[in-house]
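Right, one structure below, let's go through it.
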There are 2 protein chains.
Amino acid sequence: MNIGEIARRAGVSRSTVSYALSGKRPVSEDTRRRIQQVVDELGYQPSASARALANGRTSTIGLVFPPAGNHYTGMQLDFIGSVVEAAAACDYDVLLSPSGVDSDRSFQRLLGERRVDGAILMEIRLEDDRADHLARLGFPSVAIGRTAHAEDGWFVGLDHTALAAACVHHLADLGHRRIAFVNRPEQLLRSGYESAHRGLDGFTKAAAERGLTVRTYCCGDDPASGQACLERILHDDPATTGLVTLNEAALGGLYRGLAHAGRHVPRDFSVTGVVANRWAETVTPQLTAADVPAAEMGRLAVDLLVERLGRPEAPPRHHLLVPPISLRASTGPAGA
Amino acid sequence: MNIGEIARRAGVSRSTVSYALSGKRPVSEDTRRRIQQVVDELGYQPSASARALANGRTSTIGLVFPPAGNHYTGMQLDFIGSVVEAAAACDYDVLLSPSGVDSDRSFQRLLGERRVDGAILMEIRLEDDRADHLARLGFPSVAIGRTAHAEDGWFVGLDHTALAAACVHHLADLGHRRIAFVNRPEQLLRSGYESAHRGLDGFTKAAAERGLTVRTYCCGDDPASGQACLERILHDDPATTGLVTLNEAALGGLYRGLAHAGRHVPRDFSVTGVVANRWAETVTPQLTAADVPAAEMGRLAVDLLVERLGRPEAPPRHHLLVPPISLRASTGPAGA
DNA sequence: TTGAAAGCGGTACCAT
DNA sequence: ATGGTACCGCTTTCAA
């Protein structure tokens with residue numbers, strides 16, 4: 001059933017039906033009611049494809065994130081959930097595109113076939129070909145994360161440098177002198193993954209500032225890798241008394257490694273880092289950490305994108321968040 | 001740039017371009033090459049909206065799941081991830097719809113506006129108005145989960161009754177006589193959420209069969225609720241020596257509650273249940289559990305849907321999975 | 001082997 | 001206040 005059918009039954013023209021429904025032109029109260037009645041009776045809804053073709057807008061936004069391979073981190077998934085809900089609140093649908101690079105078929109479809117009005121990019125790298133590609137095209141998009149030269153772009157990001165530094169200072173203030181850094185997998189670091197780089201950077205600088213002895217590690221995104229990583233840490237320097245991690249998926253494994261090594265948290269060993277609070281609260285003792293406000297970030301990204309879609313010439317805006325460290329139960333004075 | 005532009009530059013008609021690209025009609029090798037060259041030069045890709053309008057297919061599938069409110073469980077999110085990737089492998093895009101009931105705007109859009117060719121439904125209830133709605137319309141869909149009368153439908157599900165029963169038998173075999181059941185939140189149970197119902201059912205029947213003393217609890221989807229729930233369990237019956245849970249989000253809290261109560265797992269208390277293996281491996285000691293093969297289920301759902309889309313008259317098919325219990329480290333003999 | 005043209009289902013301009 | 005119609009960009013039938 002199409003708009004012509006409605007027009008016929010209501011005894012008016014197709015354009016009148018269109019206007020009655022969109023309100024873009026005054027329609028006499030009488031005919032409007034008649035049309036509405038037919039519409040209700042038949043449960044008519046205009047075809048999204050036809051409408052998109054006619055007015056050049058799809059009312060859909062694309063959400064681009066790398067294929068997980070094995071599994072997604074909790075943080076990624078929190079982003080997805082919050083983006084979808086925020087978009088629904090604005091009557092936008094969300095099309096998912098598992099694309100890590102701009103050559104992915106799904107990414108090409110999204111843009112080339114004009115399936116979406118704008119895009120939100122997740123898992124940003126410092127040099128990100130997807131972001132560059134979109135910028136070059138002038139395609140409306142917002143990044144969750146911050147590229148190396150993002151000052152003039154649209155994004156919502158976390159100041160990972162500051163967050164990692166804050167974790168170091170927290171441990172240093174508690175008297176820890178020998179600490180480790182547990183990063184995301186080496187492959188992500190090498191490919192220029194933003195949080196891994198900036199986090200490592202912030203950790204290293206802050207530790208140097210405080211004159212700490214440090215070791216840094218990459219670690220797979222799973223508990224088994226976390227456990228193995230912790231064993232290496234204690235093997236490499238048994239005097240280590242604390243660690244900072246960005247790797248929430250490994251967190252459970254890190255704790256398990258500590259337990260196996262007979263180190264009590266937080267009495268013998270302090271753990272902190274940057275993770276979504278869902279994970280911070282899952283482990284025992286609960287993790288003192290800079291909580292990633294994933295839900296808020298997703299919402300902000302949608303708001304930014306909707307704003308940008310509404311005013312194509314608006315100057316770039318962004319949100320750079322620095323959530324505070326939530327004191328929970330996983331850190332304590334060194335050598336207590 | 002559109003197909004007309006390509007036609008002009010290649011010196012052929014629009015239909016020839018269309019056929020050259022789709023291969024639905026023979027085109028002389030010579031013109032085909034000429035067209036392809038223009039296409040490559042200009043990076044032409046046909047508009048998805050126009051194509052959808054013309055041939056009535058969107059090459060998009062809808063993924064319907066309830067809005068999270070607070071946050072998604074790991075299992076839900078694993079489903080989403082695997083569905084998206086499986087769909088991408090078949091060159092389908094995935095449109096997300098956060099809809100718990102068939103009156104949700106987003107759900108209406110998906111169907112009414114014909115945005116998708118088919119749909120995958122998550123978080124099935126025994127009586128599910130979304131599933132009924134789709135069935136009535138004859139709209140191609142596949143459920144992840146099994147309604148009360150699903151025998152003749154398209155779905156991929158877990159035999160929660162059998163899984164919960166298996167957990168009970170596992171504990172009973174180890175000599176446990178007084179055990180508890182930690183279900184999903186009461187609101188989900190009341191609304192007829194499938195896994196909560198069938199799981200409770202399987203637990204209750206199996207426990208009766210084995211003559212066990214049981215108590216059943218509903219528990220919020222978060223660590224704090226898990227901890228509170230465990231306190232209630234030990235308060236209600238301090239002699240309880242084991243529990244079965246479907247609530248992965250509460251798992252960390254259950255463990256914490258046990259630790260606080262001074263019960264060592266698995267020496268003093270055994271824990272088991274039905275959860276995604278990511279969670280089972282995160283906690284220490286790792287959870288002996290029936291692992292929910294979320295990734296496989298998402299893939300199967302997509303396969304089923306693609307099959308159904310290809311052959312509209314195909315008879316309903318389904319997969320009812322009964323994953324085995326993975327023995328890890330959270331259960332042990334009673335009173336050891 | 002190729003072209004012309006009629007849809008697909010809307011929107012919006014130009015008339016009346 | 002309403003109607004007629006061109007157009008959005010592609011697919012597919014019909015003709016040549």
Side-chain angles (χ1 to χ4, degrees), chain A residues 1-39 42-60 91 93 108-117, chain B residues 1-39 42-60 91 93 108-117:
Chain A
M1 152 202 3
N2 55 37
I3 200 172
E5 180 71 17
I6 305 295
R8 194 169 324 114
R9 303 215 191 192
V12 296
S13 74
R14 298 194 307 154
S15 50
T16 299
V17 173
S18 177
Y19 286 121
L21 260 32
S22 72
K24 293 189 181 174
R25 188 169 87 172
V27 170
S28 83
E29 184 51 25
D30 193 43
T31 55
R32 204 199 57 68
R33 222 190 331 263
R34 194 145 31 87
I35 291 171
Q36 189 58 52
Q37 180 170 350
V38 177
V39 165
L42 277 63
Y44 166 75
Q45 284 184 266
S47 144
S49 310
R51 173 179 281 167
L53 179 57
N55 61 22
R57 300 175 5 106
T58 60
S59 298
T60 302
D91 280 325
D93 282 318
Q108 294 292 330
R109 272 206 305 268
L110 220 63
L111 302 184
E113 302 186 358
R114 283 139 289 172
R115 278 176 192 267
V116 300
D117 297 336
Chain B
M1 153 200 1
N2 55 39
I3 201 173
E5 180 71 16
I6 305 295
R8 193 168 326 116
R9 303 216 191 193
V12 297
S13 74
R14 301 191 308 160
S15 51
T16 301
V17 174
S18 176
Y19 286 121
L21 261 32
S22 72
K24 292 189 181 173
R25 188 169 87 173
V27 170
S28 82
E29 183 52 23
D30 192 43
T31 56
R32 202 198 58 70
R33 222 190 331 263
R34 195 146 29 87
I35 290 172
Q36 190 58 51
Q37 181 170 350
V38 178
V39 165
L42 277 63
Y44 166 76
Q45 286 183 263
S47 145
S49 311
R51 172 177 283 169
L53 178 57
N55 62 20
R57 301 177 1 110
T58 61
S59 299
T60 302
D91 281 325
D93 282 319
Q108 294 292 330
R109 272 207 303 270
L110 219 63
L111 302 185
E113 302 185 0
R114 283 139 289 170
R115 279 177 191 266
V116 300
D117 296 338

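Quick note: numbers below take in every heavy atom, side chains included, and nothing from hydrogens, waters or symmetry partners. Predicted, not measured: the structure shown is a model, and the values here were computed from it. Lettering follows sequence order; numbering is per chain, from 1.
Mapping B/G4 and B/R25 onto DNA chain D via the closest heavy atom, the residue that lands nearer the 5' end is B/G4. Comparing B/A50 and B/V12, the nucleotide of DNA chain C nearest to each residue sits closer to the 5' end for B/V12.
One distance of note links CD of A/Q37 with CD1 of A/I6; it measures 11.5 Å at 0.5 Å rounding. Once rounded to the nearest 0.5 Å, the distance linking OG of A/S59 with CG of A/D91 reads 8.0 Å. Distance check, rounded to the nearest 0.5 Å: CD1 of B/I3 to CG of B/L21 gives 6.5 Å. To the nearest 0.5 Å, atoms CG (B/D93) and CZ (A/R109) are separated by 4.0 Å.
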Subject >> Derivation and outcome, side-chain contact (heavy atoms from CB on, under 4.5 Å), residues A/R14 and A/N2 >> reply: CA-CA 10 Å; A/R14 298 194 307 154; A/N2 55 37; over 6 Å; no
**OP:** Report the C-alpha distance between A/Q45 and B/L111 in whole Å, list the side-chain angles of each, state the deciding distance to 0.1 Å, and finish with yes or no for side-chain contact (heavy atoms from CB on, under 4.5 Å).
**Re:** CA-CA 9 Å; A/Q45 284 184 266; B/L111 302 185; over 6 Å; no
Original post:
B/R115 and A/T60: side chain to side chain donor-acceptor pair (under 3.5 Å), yes or no, with the steps?
Top reply: CA-CA 10 Å; B/R115 279 177 191 266; A/T60 302; 3.2 Å; yes
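Taking both residues in full, the closest heavy atoms of A/I35 and A/V17 are given as CD1-CA, 4.0 Å, listed atom of the first, atom of the second, then distance. What you find for B/L53 and A/A50 is that their closest heavy atoms are CD1-CB, 3.8 Å. Shown here for A/T58 and A/R114, the closest heavy-atom pair between the two residues is CG2-O, 3.6 Å.
Within residues 26-36 of chain A, no residue has any heavy atom closer than 4.0 Å to DNA chain C.
In the helix from C/dT1-D/dA16 to C/dT16-D/dA1, the end axes, each obtained as the rotation axis mapping the C1' atoms of four pairs onto the next four within a five-pair block, lie 40° apart to the nearest 10 degrees.
Put simply, the side chain of A/R25 never gets that close to the backbone of A/T16: no donor and acceptor are under 3.5 Å apart. Side chain of B/R32 to backbone of B/D30: no donor-acceptor contact under 3.5 angstrom is found.
Residue B/R115 contributes atom CZ, which lies 16 Å from atom P of C/dG9 at whole-angstrom precision. If you measure from atom CD1 of A/I6 to atom C1' of C/dG10, you get 13 Å, rounded to the nearest angstrom. Between A/R57 atom CZ and C/dA12 atom P there is a gap of 10 Å when expressed in whole angstrom units. Residue A/R14 contributes atom CZ, which lies 10 Å from atom P of C/dC8 at whole-angstrom precision. In this structure, B/R8 places its CZ atom 14 Å from P of C/dG3, rounding to the nearest Å. One interatomic measurement links the two molecules: CG of A/N2 to P of C/dG9, which rounds to 5 Å at whole-angstrom precision.
For A/S18 and C/dA12, a side-chain-to-base donor-acceptor distance below 3.5 Å is absent, hydrogens and geometry of angles not being considered.
Nearest nucleotide to the side chain of A/A54, out of C/dT11, C/dG7, C/dA12: C/dT11.
Nucleotides of DNA chain D lying under 4.0 Å from heavy atoms of chain B occupy a range whose first and last members, 5' to 3', are D/dG9 to D/dC14.
Within 4.0 Å (heavy atoms only), A/S47 reaches sugar-phosphate atoms of the nucleic acid but no base atom.
A sub-4.0 Å separation between OP1 or OP2 of C/dG3 and a side-chain N or O of B/T16 is present. Neither OP1 nor OP2 of C/dT11 sits under 4.0 Å from any side-chain N or O of A/K24. The side chain of A/Y19 contributes no N or O atom lying less than 4.0 Å from OP1 or OP2 of C/dC13.
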